[in-house]
*Asks:* 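So that we are looking at the same thing, I have put the structure below in structure tokens.
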Amino acid sequence: MKRAWILICLLASCGPQEASVPEGSASDLTSTPAPSALHFVDGTAASGLGAFQQRNGSAGKNLIHESFAAGLALVDLNGDGHLDVYLTNGGPEQGSDESVANALYLGDGQGRFAEATQGSGLGDTLWSYGVNAADYDGDSDLDLYVTNRGANRLYRNDGAGHFEDVAANAGVAVEEWSTGSVFFDYDRDGDLDLYVVNHIDFDLQTVHEQNLRMQYYNQEVYYGPLGLDGEADRLFRNQGDGTFADVTESSGIGSVAMFGFQAVTFDYDQDGWPDLYVANDSNPNLLWRNKGDGTFEDLSARAGVALSASGDPQAGMGVAVGDYDGDLQSDLYVTNFSEDYFSLYRRTERGMFRDGTARARLQQTTMPLLGWACAFADFDADGDLDLFAANGHVFPQVDALGRQETIYLQRNSIFENSADGRFGVPAGGGGPGFELQAASRGAAVGDVDGDGDLDLLVGNLDGPPSLLLNNGVGLGHSLHANLVGKGANTGAIGARVVARVGEKKMLRLCGTQSGFLSVGPATLHWGLGEASQVDELQVTWPDGSQESFTGVEAGRISITQGSGLSRTDSDD
């Protein structure tokens with residue numbers, strides 16, 4: 001099967017890797033980089049989130065389902081304008097009677113949180129992996145979809161602080177081992193449909209009975225995913241009455257079974273119909289093109305995003321979508337296993353993707369790391385998208401190898417965009433927040449403390465999350481925009497917005513669900529540098545209609561489809 005994929009990729013010209021500029025060479029943009037504005041500090045203890053303890057099985061991670069989880073939501077769940085936090089939990093070591101549950105924390109908008117799980121209906125005790133947030137029923141508040149090893153949950157928000165699990169009645173209580181999920185309006189009928197990523201057909205009893213184990217550099221580790229069977233993902237069409245129809249088979253989604261981790265939605269070919277890209281572990285990744293008739297076709301090999309530049313399947317974990325080079329085309333970033341680079345796919349004008357990792361100076365930097373969540377975001381507010389990746393190995397046993405770089409608890413990564421499409425580790429490494437070492441997995445980006453810049457919340461195995469506050473000095477102005485769509489898709493998932501400042505144009509996408517098992521706020525953010533306003537803001541709504549606004553001052557705004565723009569606070 002691997003040979004077949006390589007042949008397909010070569011015949012389809014799946015995109016040779018772009019010419020590399022040696023990292024650190026004299027031909028870099030600058031020989032001595034200027035001091036970086038990227039400076040993050042650990043605000044976990046003061047935030048109140050340090051009280052949460054994620055549990056994920058045995059310390060030795062003796063079974064594959066113990067090796068990843070820690071998805072989270074960083075969204076406004078009670079409608080007060082402040083970001084709240086929902087943290088998923090795993091489970092105790094087998095045989096333990098420890099109680100493990102998911103948790104809800106409500107934010108005050110200044111970086112502090114109070115636990116509010118009791119009475120909320122959100123304290124799920126199943127082994128949870130990921131969480132997504134969207135207004136699936138069109139009542140203007142955010143609902144939650146939680147993926148589990150076991151029945152998934154769909155928590156309907158009643159707007160008064162309580163959530164009810166309606167997954168069974170809604171028809172989305174998937175029983176397979178699910179990981180990521182995406183809400184998007186694939187049939188463009190105005191309400192949100194649901195794509196659920198499934199991982200492995202995993203029978204714990206069989207693994208125990210057969211004592212299945214593997215060798216990793218002479219260390220005995222858990223078995224899988226290779227050697228086990230993958231699961232097909234699932235697609236559900238929203239019927240507009242609170243229920244979903246399973247269209248997995250009729251849509252073509254059920255035609256392949258992979259070791260799925262995370263999906264993102266964006267209009268790959270800009271034909272008005274939202275498509276999907278899925279990162280798979282040890283299998284080719286998938287690019288599901290929406291044909292507009294209720295069916296999808298996989299164009300990953302033809303488009304150049306199925307395999308590495310050498311034609312090999314990678315271990316895709318997390319995936320981010322964003323326009324990092326400013327050409328108004330959506331690019332992709334995929335985190336992978338250690339001893340392999342994280343892949344940066346640059347979209348070309350012909351609709352193909354080229355592996356631009358080496359050219360962007362990201363290849364050697366990421367080789368020792370094992371990555372999970374990732375994000376494109378303008379952390380230094382200078383007008384171009386930087387990169388974040390959450391890291392941590394799956395095998396605690398690697399520490400016995402005595403290798404300096406191949407370790408279990410790893411530092412997370414932040415890469416500064418030099419405005420020419422190349423990235424580098426910022427001066428100071430990103431600050432003390434990036435000196436922390438953990439087995440990080442999920443993450444979300446948002447302005448947690450209300451100071452106008454973008455912060456990070458990172459989920460870690462077997463410990464509290466890490467709240468990394470952006471304390472950069474000399475950051476530029478920013479524009480934050482909240483979009484309110486028509487009909488049931490109140491979150492405007494699928495909207496495309498371009499901000500023009502002078503001759504520079506910056507693309508942002510609404511509701512792409514980048515990362516790994518996690519979801520952040522749908523608010524769009526543009527760093528403006530020294531500019532105090534956006535000269536023109538052009539919105540393309542999910543239904544294809546367009547609106548344009550001029551002279552938009554920095555700060556916070558809300559745009560309601562068909563009703564114009566309103567300011568929600570002053571300049572950041």
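Heavy atoms only: backbone and side chains are in, while hydrogens, waters and symmetry mates are out.
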*Asks:* Parallel under 30°, tilted from 30 to 60°, perpendicular over 60°: which one fits the rings of Phe296 and Tyr186?
*Replies:*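 Tilted.
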*Asks:* Distance check, rounded to the nearest 0.5 Å: Phe184 atom CZ versus Asn489 atom CG?
*Replies:* 12.0 Å
*Asks:* Compute whether any side-chain donor of one residue and acceptor of the other, for Ser120 and His162, lie under 3.5 angstrom apart.
*Replies:* no
*Asks:* What pair of heavy atoms forms the shortest contact from Thr117 to Leu122, and how long is it?
*Replies:* CG2-C, 4.4 Å
*Asks:* Which residues pass the side-chain contact (heavy atoms from CB on, under 4.5 Å) test with Asp449, sequence neighbours left out?
*Replies:* Asp447, Asp451, Asp453, Asp455, Leu469
*Asks:* Is a side-chain N or O of His525 found less than 3.5 angstrom from the main chain of Ala481, in a donor-acceptor match?
*Replies:* no
*Asks:* Restricting to non-hydrogen atoms, name the atom on Leu307 and the atom on Tyr345 that form the minimum distance, rounded to 0.1 Å.
*Replies:*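 Between these two residues, the closest heavy atoms are O-OH, 3.0 Å.
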*Asks:* Is there a donor-acceptor pair under 3.5 Å between the side chain of Asp76 and the backbone N or O of Leu83?
*Replies:* no
*Asks:* Given side chain to side chain contact (heavy atoms under 4.5 Å, CB included), test Leu72 with Val458 step by step and report yes or no.
*Replies:* CA-CA 8 Å; Leu72 55 87; Val458 184; 5.8 Å; no
*Asks:* So, does His199 use its side chain to make a donor-acceptor pair with the main chain of Trp177 at under 3.5 Å?
*Replies:*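 Such a contact is absent between His199 side chain and Trp177 backbone.
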*Asks:* Compare every heavy atom of Thr335 with every heavy atom of Gly318, then report the nearest pair and how far apart it is.
*Replies:* N-OG1, 2.8 Å
*Asks:* Which pairs of donor and acceptor atoms, one on a side chain in residues 127-135, lie under 3.5 Å apart (sequence neighbours left out)?
*Replies:*
{"residue": "Ser128", "atom": "OG", "partner": "Asn102", "partner atom": "ND2", "Å": "3.0"}
{"residue": "Ser128", "atom": "OG", "partner": "Asn148", "partner atom": "OD1", "Å": "2.6"}
{"residue": "Tyr129", "atom": "OH", "partner": "His65", "partner atom": "O", "Å": "2.8"}
{"residue": "Asn132", "atom": "ND2", "partner": "Ser181", "partner atom": "O", "Å": "3.0"}
{"residue": "Asp135", "atom": "OD1", "partner": "Gly138", "partner atom": "N", "Å": "3.0"}
{"residue": "Asp135", "atom": "OD1", "partner": "Asp139", "partner atom": "N", "Å": "3.1"}
{"residue": "Asp135", "atom": "OD2", "partner": "Asp139", "partner atom": "N", "Å": "3.2"}
{"residue": "Asp135", "atom": "OD2", "partner": "Ser140", "partner atom": "N", "Å": "2.7"}
{"residue": "Asp135", "atom": "OD2", "partner": "Thr490", "partner atom": "OG1", "Å": "2.7"}

*Asks:* If you round to the nearest 0.5 Å, how far is CG of Asp80 from CG of Asp108?
*Replies:*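 Result: 9.0 Å between the selected atoms.
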*Asks:* From Leu235 CG over to Ser250 OG, what is the distance, rounded to the nearest 0.5 angstrom?
*Replies:* 8.0 Å
*Asks:* Grab the two heavy atoms, one from Leu483 and one from Ala495, that are nearest each other, plus how far apart they are.
*Replies:*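 It is CD2-CB, 3.7 Å.
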*Asks:* Residues in ring-ring contact (aromatic ring centres under 6.0 Å, His included) with Phe244, at least two apart?
*Replies:*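 Expected list: Tyr136.
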*Asks:* Does the plane of the ring in Trp372 sit parallel, tilted or perpendicular to the ring in Phe68? Use 30° and 60° as the thresholds.
*Replies:*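 Plane angle under 30°, so parallel.
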*Asks:* So, Ser343 side chain and Val334 main chain: donor-acceptor pair closer than 3.5 Å or not?
*Replies:*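 The answer is no, because no donor-acceptor pair under 3.5 Å joins these two groups.
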*Asks:* Under a 3.5 Å cutoff, is there a donor and acceptor pairing between the side chains of Tyr324 and Asp384?
*Replies:* no
*Asks:* Could you check whether any side-chain N or O of Arg556 sits under 3.5 Å from a backbone N or O of Arg567, counting only pairs where one atom can act as donor and the other as acceptor?
*Replies:*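 The answer is no, because no donor-acceptor pair under 3.5 Å joins these two groups.
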*Asks:* Check this for me: does any side-chain nitrogen of one of Glu176 and Arg234 sit under 4.0 Å from a carboxylate oxygen of the other?
*Replies:*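 Judged by the 4.0 Å cut-off on N to carboxylate O distance, Glu176 and Arg234 do form a salt bridge.
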*Asks:* When you measure from the side chain of Asp386 to the backbone of Asp378, do you find a donor-acceptor pair of N or O atoms at a distance under 3.5 Å?
*Replies:* no
*Asks:* With sequence neighbours excluded, give me every side-chain hydrogen bond (donor to acceptor under 3.5 Å, both in side chains) pair touching residues 253-269.
*Replies:* Asp269-Arg289
*Asks:* Given the rule in the side chain to side chain contact (heavy atoms under 4.5 Å, CB included) test, do Phe266 and Leu332 qualify, once you have shown the distances and angles that lead to the verdict?
*Replies:* CA-CA 10 Å; Phe266 69 111; Leu332 293 165; 3.9 Å; yes
*Asks:* Start with the C-alpha distance between Asp233 and Tyr195, add both sets of side-chain angles, then the distance that settles side chain to side chain contact (heavy atoms under 4.5 Å, CB included), and finish with yes or no.
*Replies:* CA-CA 7 Å; Asp233 298 341; Tyr195 184 92; 2.6 Å; yes
*Asks:* Asp323 and Phe376: side chain to side chain contact (heavy atoms under 4.5 Å, CB included), yes or no, with the steps?
*Replies:* CA-CA 8 Å; Asp323 175 21; Phe376 285 110; over 6 Å; no
*Asks:* Please check if the side chain of Thr243 supplies one atom and the backbone of Asp241 the other of a donor-acceptor pair under 3.5 Å.
*Replies:*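 No; zero donor-acceptor contacts below 3.5 Å.
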*Asks:* Has the side chain of Asn89 got a donor or acceptor atom that lies under 3.5 Å from a matching backbone atom of Val100?
*Replies:* no
*Asks:* For Phe259 and Ser282, which heavy atoms make the closest approach, and how far apart are they?
*Replies:* CD1-CB, 4.3 Å
*Asks:* Could you work out, with side-chain contact (heavy atoms from CB on, under 4.5 Å) as the rule, every residue matching Ala167, not counting sequence neighbours?
*Replies:*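 With neighbours one apart ignored, the set is Leu154, Asp165, Val172, Ala173.
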*Asks:* Distance check, rounded to the nearest 0.5 Å: Asp569 atom CG versus Ile557 atom CD1?
*Replies:*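 The CD1 atom of Ile557 is 11.0 Å from CG of Asp569, to the nearest 0.5 Å.
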*Asks:* Between atom CG of Asn157 and atom CG of Leu77, what is the distance when rounded to the nearest 0.5 Å?
*Replies:*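 Reported to 0.5 Å precision, the distance equals 6.5 Å.
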*Asks:* Looking at every non-hydrogen atom in both residues, tell me the closest pair between Ala522 and Cys510 and how far apart they are.
*Replies:*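 Reported closest heavy-atom pair: O-SG, 4.0 Å.
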*Asks:* Verify the distance criterion only: is there a donor paired with an acceptor across the side chains of Thr540 and Gln546 at less than 3.5 Å?
*Replies:*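 Yes, side-chain donor-acceptor contact under 3.5 Å.
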*Asks:* Decide whether Ser178 and Asn152 meet the rule of one side-chain donor and one side-chain acceptor closer than 3.5 Å.
*Replies:*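 Note: Ser178 and Asn152 side chains meet the donor-acceptor criterion.
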*Asks:* Will you find, in the side chains of Ser300 and Asn285, an N or O donor that is under 3.5 Å from an N or O acceptor?
*Replies:*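 Side-chain D/A pair, Ser300 to Asn285: absent.
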*Asks:* Please determine whether the number of non-hydrogen atoms from other residues, nucleotides or ligands lying under 6.0 Å from atom CD of Gln118 exceeds 12.
*Replies:*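 Check fails, neighbour count at 12 or below.
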*Asks:* Who pairs with Ser545 by side-chain contact (heavy atoms from CB on, under 4.5 Å), at least two apart in sequence or on another chain?
*Replies:*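 Counting only residues at least two positions away or on another chain, Ser545 forms a side-chain contact (heavy atoms from CB on, under 4.5 Å) with Trp541, Asp543, Gln561.
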*Asks:* Is the closest side-chain donor-acceptor distance between Asp331 and Gln329 under 3.5 Å?
*Replies:*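 Gln329 and Asp331 do not have a side-chain donor-acceptor pair below 3.5 Å.
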